[in-house]
Amino acid sequence: MNISFKKPIYFLALLLLVPKPAFAMHIMEGFLPAEWAVFWWLVTLPFLIIGLKNISNLIKVHSETKLLLGLSGAFAFVLSALKIPSVTGSCSHPTGVGLGTILFGPFVMSVLGSIVLLFQSLLLAHGGLTTLGANAFSMAVAGPFIAYGVFKGAQKIGLTFTFAVFLAASLADLGTYVITSIQLALAFPSEVGGIFASFVKFASVFAITQIPLAIVEGLLSVMVMNFLVKYNVNELKLLQVLNKTQEAK
Amino acid sequence: MRMLEFYAYHSPLRNIHPIEKIVFALIPLILNILFQNIYTSLFIFFIMVVITIIFGKIPVRIYWKLLLIPVTFLLSSVLVILLSFTESPLEGAIFQSIIGPVVISIMKESIEKALTLFSVSLSSISCLYFLILTTTIQDVLFGLQCLKVPQVLLDLIALIYRFIFLFLDSSRTIFLAQKARLGHGSSIKTIKSIGLIISALFVKVFHEMKDLNNAVNARSLNGYIAVIARTIRFSRSRWIFIMLISILIIAFNFTVGRAG
Amino acid sequence: MSTTIFELSEVYYRYEDGTEALKNINLRIERGKKIALLGSNGAGKSTLLLHLNGLLKPTSGTICIDGQPLTYSRKELINLRRRVGIVFQNPETQLFNGTVRDDICYGPYNLKLPERERKTLIEKAIILTDVGELLDKPIHFLSGGQKKRVSIAGVLAMDPEVILFDEPTASLDIYYTKKIRKLLDELHRDGRTLILSTHDIDFAYEWADEVIVMHQSEVLFQGNFSQLFEEHKDIITKANLETSIIFEIAQILKNGGVNLNTIDYRSKEQLLEILKDYLLKVTI
Amino acid sequence: MSTTIFELSEVYYRYEDGTEALKNINLRIERGKKIALLGSNGAGKSTLLLHLNGLLKPTSGTICIDGQPLTYSRKELINLRRRVGIVFQNPETQLFNGTVRDDICYGPYNLKLPERERKTLIEKAIILTDVGELLDKPIHFLSGGQKKRVSIAGVLAMDPEVILFDEPTASLDIYYTKKIRKLLDELHRDGRTLILSTHDIDFAYEWADEVIVMHQSEVLFQGNFSQLFEEHKDIITKANLETSIIFEIAQILKNGGVNLNTIDYRSKEQLLEILKDYLLKVTI
């Protein structure tokens with residue numbers, strides 16, 4: 001084996017081993033140049049404002065909704081702190097975005113998701129404050145809307161509930177990671193090949209852990225939803241009321 | 001997680017107004033990503049680490065451990081930026097290697113970019129760590145209240161913060177109970193058992209809500225509104241200190257930073 | 001002012017799903033009493049307590065406070081919740097505000113008390129419950145016993161004249177149970193009316209002036225312990241209760257001819273002392 | 001087979017944040033005993049129990065089971081957890097499956113036992129805990145006492161020879177407390193070793209063969225109750241415990257010259273009976 005062959009293998013090995021999936025979902029503090037950090041904050045803010053308005057309206061009708069959302073937010077945080085085994089042997093965590101969106105609706109989830117991200121940066125040092133806008137966009141805006149669209153679409157074309165949940169949750173997880181890769185590619189276009197080449201690079205690094213993870217998250221969400229449908233009809237009804245008022249707004 | 005909180009609650013800087021600490025963390029952080037300068041970043045890193053360790057009384061060993069956490073993500077991302085993958089060799093590459101049909105190369109510009117990114121990021125993290133290790137979430141909340149963040153958002157943040165630990169504890173006990181009954185032997189068993197944990201936690205959301213609603217209503221009539229009964233005063237000398245440090249960083253950037 | 005603080009007549013409470021949680025409750029509760037509420041889990045004790053500070057509204061029947069029937073107007077409720085505090089069984093959900101200080105301040109702030117009054121009350125609550133050292137700690141740093149005391153402080157800070165306790169010593173260890181008992185005595189000395197649900201018959205017997213027994217959503221008995229234990233053994237069996245061992249010893253001593261007139265029937269220590277002396281005397 | 005089932009020597013356990021939860025624990029636990037584990041909240045009782053079925057691993061020191069030191073290999077752990085069951089304090093967290101039946105079957109399914117054996121075990125567990133009528137109910141429909149029994153059934157279904165109970169009667173009412181006590185007796189009659197943490201000294205005294213006292217992460221005492229109560233009053237004070245009133249009565253009777261040789265020291269009913277007879281005799 002000559003030298004020119006050894007090194008790339010060393011690098012590839014690094015690529016395979018280094019990414020800790022727990023961080024792959026979130027862009028860390030200071031990683032985005034100022035203009036991109038601001039840009040993603042601006043893109044995310046309208047969703048948060050609409051989400052907060054929705055929540056305020058819900059609370060005016062039922063004051064205990066605030067408690068429900070607070071508890072649900074804590075639930076979402078803990079969800080993202082659960083370690084699940086992934087195929088690569090390392091541990092990762094579900095985003096909970098798909099499940100959360102099906103339960104609480106996309107706008108509410110964008111607020112809850114953003115608060116969860118804030119806590120991840122302040123309590124766990126995952127992600128960061130300047131990159132919170134970008135992370136919130138990928139996980140708390142894009143993810144929920146992908147989940148919502150896929151879930152409604154899948155039900156419309158007549159897929160079973162189980163399959164719709166699976167698709168919504170796994171695509172939301174996958175979508176979150178694709179968006180993160182796009183965000184990184186936009187900020188750091190490749191010297192050769194520009195944004196697209198850069199996207200391919202980022203996407204393929206994170207794909208190793210994220211694709212199996214997305215499938216696992218889909219399966220998990222299906223399990224949980226089936227469990228809830230079977231044993232917790234009343235609670236789900238309460239939430240559905242919540243969703244409907246939200247759609248009507 | 002509890003370790004970070006533990007240091008924040010026992011920090012000697014805890015009783016400094018959170019706005020002052022937030023500003024003290026944010027100004028260098030913003031300057032850092034604005035300037036994108038290796039030397040300036042290293043300068044900021046130095047200031048932040050020294051202040052956090054000396055004034056914040058964080059053991060060096062702990063700080064070092066904390067720094068290592070994000071480094072793995074940082075390394076992988078920086079490597080992605082460093083390497084170019086093409087089908088044919090590139091001109092001006094300072095390192096090149098061919099695996100099958102793919103040419104992996106490192107360009108000179110990439111090295112500089114990667115180095116800058118690494119130092120800017122690491123230095124930004126030191127700013128975040130200053131905030132995390134000296135300021136409790138409850139004080140951040142107090143800061144947000146001073147900044148006139150909408151009350152609904154404050155309420156939600158406060159509630160979520162309070163109940164995170166309740167849910168973490170239950171998920172931990174359920175996990176132990178499952179392990180005691182052999183529920184985590186294989187990947188499939190583990191995934192199933194985690195599904196059960198998530199379901200149980202969700203059921204808990206509703207269970208707790210009933211009790212919480214009673215508890216809240218027993219002490220108020222308008223539903224939950226976060227009460228933050230903290231009293232901390234601003235200090236002029238600290239604001240001057242923050243300004244001085246900021247000016248120092250800017251001055252450094254336009255002299256030493258540019259020269260380097 | 002009359003000495004009757006609560007009067008419940010024909011109070012029924014039905015849950016939405018139709019199960020009856022309270023059936024024909026008729027009670028009169030006197031000011032300044034220490035009342036123990038006994039009964040199995042699910043007998044309706046918690047539901048009854050929730051009615052006494054207006055958190056639940058009877059499906060039918062009336063609750064009078066100071067002779068006035070409750071109308072559940074906003075103003076009345078604010079007043080009622082200030083006057084009647086409730087300490088829930090599980091401190092986890094009772095403590096819902098960030099730090100100990102924030103939680104204790106929650107009631108006084110929300111009731112919009114004038115600042116000076118608020119401060120005095122909060123300070124008094126902190127001293128009584130001895131939580132001064134915990135003030136800046138977040139709730140999740142506390143132990144179970146500490147949480148319990150903080151949850152009592154949060155209620156005391158509203159200066160209620162009646163305090164309802166839902167199983168205050170459940171899952172507390174002996175050390176904290178003793179602390180809570182001492183606190184209960186102090187609260188009563190301040191002239192408060194205390195109503196307390198518990199499964200600990202010995203504690204109830206030692207502590208309470210009056211006992212209310214509930215079973216399957218109904219009140220089976222209201223009166224004092226000696227009546228209950230001497231004359232209503234059927235109720236004890238029916239409600240799945242027991243006789244307190246302290247009472248039994250006192251009974252045995254009395255029946256054995258020991259003169260108990262001068263001492264406190266309800267003190268375990270005193271009874272054991274007397275028994276000891278008596279046995280030594282008769283054997284010598 | 002030796003009669004010693006567990007032997008702990010110099011076991012320490014430190015949490016990640018450095019606090020010591022177990023300090024220099026040395027214990028020897030005999031097969032077939034009924035052991036009460038006493039101590040305040042936070043004394044280390046739960047941590048100790050979690051070590052006995054390998055859910056926690058000592059930071060240093062060794063735990064031997066049947067004389068073999070634990071190596072925490074996968075196979076060993078599976079075997080250990082089958083042999084040593086644990087019933088957690090809060091049934092809420094122990095019951096995580098949809099229905100009662102699902103929950104009871106969780107362990108046996110994970111064990112991959114042959115179907116016939118599995119069925120027999122599950123049926124036996126259901127009969128012993130008397131939960132046959134609840135099988136198809138969703139967990140969250142059950143009362144606290146029912147939940148407790150189901151959580152015991154789930155552990156029994158794995159047929160453990162040792163069962164660890166973390167405060168089995170905390171916040172249960174008298175009816176269910178009695179039921180659990182009866183169940184404990186039956187489990188012991190089947191030859192199982194039972195270790196139980198509790199704050200109820202009277203219950204512990206009536207029930208246990210042996211007592212272990214913990215305080216601030218250390219074991220202060222292992223032995224029988226009469227040794228503890230007679231010779232180690234300092235330990236009782238230090239660990240914030242109390243003497244059982246039943247023991248005190250027995251002591252007083254004995255010192256008063258009553259001959260107690262023929263009866264069970266630990267039975268409340270018998271002691272009160274004797275006291276009654278004795279007093280009647282001496283007064284006549």
Side-chain angles (χ1 to χ4, degrees), chain A residues 4 7-8 11 14-15 18-20 23-24 28-31 33-34 37 52 55-56 59 63-64 66-75 77-79 81-82 84-85 111 115 119 121-125 128-130 184 188 190-193 201-202 205 216 219-220 223-224 227-228 232 235, chain B residues 1 4-5 29 32-34 36 69-70 72-76 79-81 83-86 90 97 99 104 107 109-110 120-121 123-125 128 132 137 140 150 152-153 155-157 159-160 163-164 167-168 171 187 190-191 194-195 198-199 201-203 205-206 208-209 212-213 216 223-224:
Chain A
S4 66
K7 276 189 180 161
F11 275 120
L14 248 184
L15 282 184
V18 154
K20 279 268 159 66
F23 298 94
M28 65 188 286
E29 187 67 278
F31 206 75
L52 268 181
I55 289 175
S56 307
I59 289 168
S63 69
E64 65 267 28
K66 201 189 280 173
L67 304 179
L68 177 61
L69 291 175
L71 288 166
S72 304
F75 166 73
F77 179 89
V78 173
L79 213 62
L82 288 174
I84 55 175
V111 177
I115 299 177
F119 278 125
S121 55
L122 291 179
L123 285 173
L124 306 167
L129 297 176
T130 59
L184 287 171
F188 305 104
S190 205
E191 297 298 326
V192 195
K201 281 195 294 182
F202 279 111
V205 169
V216 169
L219 291 175
L220 265 179
M223 265 189 64
V224 173
F227 184 97
L228 298 180
N232 299 87
E235 284 81 359
Chain B
M1 173 162 149
L4 289 174
E5 258 215 313
L29 181 53
N32 206 3
I33 61 172
L34 271 179
Q36 300 283 332
I69 302 170
T72 44
F73 170 81
L74 197 52
L75 276 179
S76 65
L79 266 179
V80 172
I81 288 164
L83 303 177
S84 294
F85 301 86
T86 43
L90 292 173
S97 174
I99 317 174
I104 301 175
M107 311 292 286
E109 300 86 340
S110 312
V120 168
S121 242
S123 158
S124 303
I125 284 166
L128 181 66
I132 295 177
I137 297 281
V140 171
V152 194
L153 192 59
D155 296 344
L156 285 178
I157 295 177
L159 277 174
I160 291 174
F163 286 101
I164 279 174
F167 284 96
L168 275 177
S171 67
S187 285
T190 302
I191 289 170
I194 285 177
I198 297 174
S199 310
L201 289 182
F202 180 79
V203 174
V205 166
F206 287 89
E208 299 293 334
M209 198 182 106
L212 182 59
N213 198 27
V216 168
Y224 177 77

Provide the closest heavy-atom pair for [X] versus [Y] in the form atom of the first, atom of the second, distance.
X	Y	value
Gly30(A)	Ser121(B)	C-OG, 3.6 Å
Val203(B)	Leu228(A)	CG2-CD2, 4.5 Å
Ile157(B)	Phe119(A)	O-CZ, 3.4 Å
Leu128(B)	Ser121(A)	CD2-O, 4.1 Å
Leu123(A)	Leu4(B)	O-CD1, 2.9 Å
Leu156(B)	Gly70(A)	CD2-N, 3.9 Å

Rounded to the nearest 0.5 Å, what separates atom [atom1] in [X] from atom [atom2] in [Y]?
X	Y	atom1	atom2	result
Leu71(A)	Leu201(B)	CG	CG	11.5 Å
Ile191(B)	Leu219(A)	CD1	CG	7.0 Å
Leu69(A)	Ile160(B)	CG	CD1	8.0 Å
Ser72(A)	Phe167(B)	OG	CZ	7.5 Å
Phe202(B)	Phe227(A)	CZ	CZ	11.0 Å
Ile115(A)	Leu153(B)	CD1	CG	5.0 Å

Worksheet item: So what's closer than 4.5 Å to chain A heavy atoms on Met209(B): side chain, backbone, both or neither?
Response: both
Are side-chain heavy atoms of [X] and [Y] found at a separation under 4.5 Å?
X	Y	answer
Val80(B)	Phe188(A)	no
Ile33(B)	Phe31(A)	no
Met223(A)	Ile198(B)	no

Heavy-atom distances under 4.5 Å only: say whether [X] touches chain B with side chain, backbone, both or neither.
X	result
Leu67(A)	both
Ile55(A)	side chain
Phe202(A)	both

Discussion item. I'd like to know if the side chain of Lys66(A) reaches the main chain of Val152(B), judged simply by a donor and an acceptor atom lying under 3.5 Å from each other, with no hydrogens or angles considered.
Written reply: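 No; zero donor-acceptor contacts below 3.5 Å.
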Fill in: Options Ser171(B), Ser110(B), Gly223(B), ranked by heavy-atom pairs under 4.5 Å with chain A, top entry
Ser110(B)
